[in-house]
Protein chains: 2
Amino acid sequence: MPKRPLDTIDYRILAALQEDGRMSNLDLADKVGLSPSPCSRRVHLLETDGFIRRYVALLDPATIDLPVHVFVNITLEKQVEASLETFERTVLERPEVLECYLMTGSFDYLLRVVVSDLAAYERFVLDHLTRIPGVASIKSSFALKQVQYRTALPLGHLAE
Amino acid sequence: MPKRPLDTIDYRILAALQEDGRMSNLDLADKVGLSPSPCSRRVHLLETDGFIRRYVALLDPATIDLPVHVFVNITLEKQVEASLETFERTVLERPEVLECYLMTGSFDYLLRVVVSDLAAYERFVLDHLTRIPGVASIKSSFALKQVQYRTALPLGHLAE
DNA sequence: GGACGCTTTGGCATGAATCACCAAGACTGT
DNA sequence: ACAGTCTTGGTGATTCATGCCAAAGCGTCC
């Protein structure tokens with residue numbers, strides 16, 4: 001649910017900043033067809049209104065020596081709904097868990113974990129995952145290759 | 001495999017820019033314990049050496065009206081290894097596919113797809129996925145809640 | 001142990017960008 | 001058609017980024 005209606009220029013700004021978050025306001029203004037002043041103001045509004053959450057630098061996992069990508073399917077015992085929060089809290093404070101989703105169906109979580117090697121992954125599973133109460137099963141799937149990794153949401157025709 | 005050895009200050013720079021990609025060089029220099037000049041130089045080296053891939057703005061999927069997150073497990077027929085490339089090429093050009101991984105085991109792909117509603121997802125599956133030759137099965141799992149979404153790689157103790 | 005050479009740092013100056021303010025234009029509703 | 005409101009575009013002051021150069025740290029070699 002959009003907080004407020006955005007026009008084409010707003011979407012163009014979002015699309016541009018999704019691709020290059022460090023684009024200068026002058027270039028951005030030129031790209032979206034606006035002069036620098038109103039462009040800067042719109043960017044700040046998009047930030048304060050929550051459309052832009054943050055700006056980040058994306059690193060190359062391989063060069064940082066974090067080549068192991070694991071997807072973890074976790075099933076919780078059904079009766080422990082109260083411990084969902086415990087599980088999520090634990091997951092949130094583990095930096096190697098880059099993504100965590102609560103999935104439809106039974107109480108299943110899907111985790112994307114990045115570690116330096118299999119030993120580190122084993123430590124993560126044994127020291128953290130299995131210690132969470134209510135975890136019924138842990139199924140790990142390893143990624144051979146990252147074919148695509150996007151952070152840019154598909155704005156599609158909205159940005160023209 | 002790291003391209004070159006990084007020291008603690010480099011890792012501190014990477015950690016800081018992962019959290020705030022628009023941090024000013026003065027703040028960054030202050031944070032990592034360096035003066036602005038060498039800090040700026042190190043950042044540029046980290047960029048040109050490939051440790052920093054890019055800078056992006058992260059948008060809020062909910063406010064942009066893209067609330068449907070789907071994970072898609074795709075099995076390819078084993079004999080069509082030549083069409084792996086076809087599959088990957090198709091996936092790469094679909095903006096709603098934010099992530100795509102080639103998984104271990106059989107020829108399985110895992111996709112993370114973001115769309116505005118179920119109808120859009122149906123169109124994506126019917127118009128694009130099923131049209132790729134060699135696709136044996138498509139299994140969709142829907143995310144109820146995004147518990148965690150990080151882009152920052154765990155640098156851990158490296159950044160102190 | 002001392003001195004040389006390499007690498008990195010820190011300060012300064014210049015050029016550029018950002019941000020706030022104000023006037024002018026467009027648009028809507030009456 | 002007119003008035004009110006919102007958005008735009010320009011200008012100026014402040015802040016920031018970046019290239020240059022001297023100095024310091026450090027390892028090495030003699």
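Convention: sequence-line order gives letters A, B, ...; per-chain numbering from 1.
Between the side chains of B:Asp65 and B:Ser116, no donor-acceptor pair is found at a separation under 3.5 Å. B:Tyr101 and A:Gln146 share a side-chain donor-acceptor pair at under 3.5 Å.
Distances shown here put every side-chain N or O of A:Ser37 at or beyond 4.0 Å from the OP1 or OP2 atom of D:dG10. Distances shorter than 4.0 Å separate some side-chain N or O of B:Ser40 from OP1 or OP2 on D:dT18.
The CG-P distance, from A:Asp30 to D:dG10, rounds to 13 Å in whole Å. Rounding to whole angstrom units, OH of residue B:Tyr55 and P of D:dA17 are separated by 12 Å. In this entry the distance linking CG of A:Leu26 with P of C:dT18 reads 5 Å, nearest Å. The CD1-C1' distance, from A:Ile13 to D:dT8, rounds to 13 Å in whole Å. The nearest whole Å value for the distance from the CZ atom in B:Arg22 to the C1' atom in C:dT18 is 10 Å. The distance between atom NE2 of A:His44 and atom P of C:dC21, rounded to the nearest whole Å, is 13 Å. Between A:Leu28 atom CG and D:dG9 atom P the separation is 13 Å, expressed in whole Å. The separation between B:Asn25 atom CG and D:dA17 atom P is 5 Å, rounded to whole Å.
There is no path of hydrophobic side-chain contacts, each under 4.5 Å, that joins A:Leu102 to B:Val72.
Between B:Arg112 and B:Glu96, no side-chain nitrogen of the basic residue sits less than 4.0 Å from a carboxylate oxygen of the acidic one, so the salt-bridge criterion is not met.
If you check distances only, the side chain of A:Ser35 never reaches the base of D:dG10 with a donor-acceptor pair under 3.5 Å.
In this structure, the nucleotide among D:dT18, C:dT9, D:dG9 sitting nearest to the side chain of B:Arg42 is C:dT9. Considering only the side chain of A:Leu34, D:dG9 comes nearest among D:dG9, D:dT18, C:dT18.
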